Amino acid sequence: MGGFTFFMYLIVESIIFEREREIAVTISPLNEHDYGEHWQEMASKLEIEDELAKLEDFHLFYNQQGDVQKLSYEVVGRRSKDDFIYYYVDYDLAASKALVKKQRIEGPWIQYNRSIAVNYFFERLDEMDLTVIKPNNNDPIRQMRIQENGGRINYAMKGTLKYRIDKGQIREISDAQLPVEGYWLTVCGMSVDAAPDFVASCEDRVDYVLDARTSDTK
């Protein structure tokens, strides 16, 4: 392949990868907390190798009953050792579709090995009772977000409300138990007035650590 032809091939490939795409998805099961099914549907339509996909960001808005109000997430898929595809997925719940943007990234992705597997995270999310996982108030809209690009970290914030999420139970973490190793989720509150645009500061924040390991469980 000649140099100019190869250059044009790279331009065309970049355009194909970076253009937006709308995907019809089944929205209704989200309020039944079947996120694992949703991810399998999305992975299939995007031709993502499920076992190699890692979660970089996850942003969920839900109400007091646990019904989903808005959902978006970012995923990194791996094609080879130094060849990755970055996906941004934003759901339009009213239209039963998702807007997907993707970008090809060449070179090492240091965060990749630290980030939580997408299929595993959604499986765990299906187990959670969102009416129990809430901010430090009775806010009508709650927002949950994974921190640190989905990486497993040592959480050591004192003087905050914090809980560990284990299978089947949620337990408070005391300052004396810090540091805690796990995946860090923040849950905040917001008013109904802010819900149409879903832009708000993090109010009444509570921290949750998924798959936590403390000094007494190591």
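Everything numeric in this text was worked out from a predicted model, so none of it was measured.
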Next item on the list: Check the pair E203 / S201 against side-chain hydrogen bond (donor to acceptor under 3.5 Å, both in side chains), numbers first and verdict last.
Entry: CA-CA 6 Å; E203 303 292 339; S201 59; 2.6 Å; yes
Margin query: Between Y91 and V68, is the side chain to side chain contact (heavy atoms under 4.5 Å, CB included) condition met? List the steps.
Written below: CA-CA 11 Å; Y91 285 85; V68 178; over 6 Å; no
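In summary, of the residues considered (K102, K101, K97), a salt bridge (Lys or Arg N to Asp or Glu O under 4.0 Å) with E20 occurs for K101 alone. Paired with D166 under the rule salt bridge (Lys or Arg N to Asp or Glu O under 4.0 Å), one option of R171, R124, R213 passes, and it is R171.
The closest side-chain heavy-atom distance from Y88 to L99 is not below 4.5 Å. The side-chain heavy atoms of L71 and H38, taken from C-beta on, include no pair separated by under 4.5 Å. Side-chain contact check for L60 versus Y35: some heavy-atom pair is nearer than 4.5 Å.
Under a 4.0 Å N-O distance rule, the pair D175/K162 qualifies as a salt bridge. A salt bridge links D207 to R205: at least one charged side-chain nitrogen sits closer than 4.0 Å to a carboxylate oxygen.
The 12-atom threshold is exceeded at CD of Q65, counting heavy atoms of other residues, nucleotides or ligands nearer than 6.0 Å.
In this structure, the ring of F122 has its center less than 6.0 angstrom from the ring center of Y73.
Judged by distance alone, the side chain of S115 and the main-chain N or O of N149 form a donor-acceptor pair under 3.5 Å. In this structure, Q69 contributes its side chain and D67 its backbone to a donor-acceptor pair below 3.5 Å.
A cation-pi arrangement is absent between K70 and F61, since the terminal nitrogen or guanidinium carbon is not both under 6.0 Å from the aromatic centre and inside a 45° cone about the axis. With a 6.0 Å cutoff to the six-membered ring centre and a 45° limit on the axis angle, R78 does not count as a cation-pi contact of F84.
A continuous path of ILVMFWY side-chain contacts below 4.5 Å connects Y183 to V132, so both sit in one hydrophobic cluster.
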